[in-house]
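We number each residue from 1, following the sequence as shown. Please read all numbers here as calculations on a predicted model, not as lab measurements.
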Amino acid sequence: MVTKGYAALSAESHLAPFQFERRAPGRRDVQIAIEFCGICHSDIHFARNEWGDDDLPVRPGHEIVGRAVKVSDDVRVSRPRRGRVA
């Protein structure tokens with residue numbers, strides 16, 4: 001599954017459009033169509049390799065808002081199976 005995002009290709013570069021391949025969702029996964037993504041200070045440190053353990057390219061941004069578009073069979077949910085998630 002081809003995914004579009006932004007990545008830092010080096011510790012000195014700005015974030016730039018980047019495509020990467022993701023595996024297909026498994027039986028215990030929720031597929032989310034990301035609508036918004038935040039970048040926090042930890043993401044900036046990571047993208048600049050200030051902690052010295054980056055595996056480039058770095059795709060920062062783990063604070064997301066989106067829609068659940070697929071809920072696999074083995075996922076237990078207490079909310080509706082489709083719709084907005086936080």
**Message:** Which residues end up grouped with Phe20 if you chain together Ile, Leu, Val, Met, Phe, Trp and Tyr wherever their side-chain heavy atoms are less than 4.5 Å apart?
**Reply:** Leu9, Phe18
**Prompt:** How far apart are the closest heavy atoms of Asn49 and Ala11, and which atoms are they?
**Reply:** CB-CB, 3.9 Å
**Message:** Applying side chain to side chain contact (heavy atoms under 4.5 Å, CB included), can you list everything that pairs with Gln19, at least two apart in sequence or on another chain?
**Reply:** Val2, Lys4
**Prompt:** Where is the tightest heavy-atom contact between Cys37 and Ile64, given as atom of each residue plus distance?
**Reply:** SG-CG2, 4.1 Å
**Residues in side-chain hydrogen bond (donor to acceptor under 3.5 Å, both in side chains) contact with Glu50, at least two apart in sequence or another chain** = His45
Side-chain polar contacts of residues 23-34 - donor-acceptor pairs under 3.5 angstrom, sequence neighbours left out - could you list them?
residue, atom, partner, partner atom, Å
Arg23, NH1, Asp29, OD2, 2.7
Arg23, NH2, Asp29, OD2, 3.3
Arg27, NE, Asp74, OD2, 3.2
Arg27, NH2, Asp74, OD1, 3.1
Asp29, OD2, Gly26, N, 2.6

**Asked** In Å, rounded to the nearest 0.5 Å, how long is the span from CG of Asp73 to CZ of Arg76?
**Response** 13.0 Å
**Prompt:** Can you check whether His62 reaches Cys40 side chain to side chain, under 4.5 Å on heavy atoms?
**Reply:** yes
**Message:** Within this structure, what is the CZ-CD distance for the pair Arg67 and Glu35, rounded to the nearest 0.5 Å?
**Reply:** 5.0 Å
**Prompt:** Could you give the distance from CG (Asp43) to CZ (Arg48), rounded to the nearest 0.5 Å?
**Reply:** 11.5 Å
**Message:** Let me check something: do Ile39 and Phe36 share a hydrophobic cluster, defined by ILVMFWY side-chain heavy atoms less than 4.5 Å apart, either directly or through other members?
**Reply:** no
**Ser10 (side chain) donor-acceptor with Ser13 (main chain) under 3.5 angstrom** = yes
**Prompt:** In the hydrophobic clustering (ILVMFWY, side-chain contacts below 4.5 Å, transitive), which residues join Tyr6, or is it alone?
**Reply:** Leu15
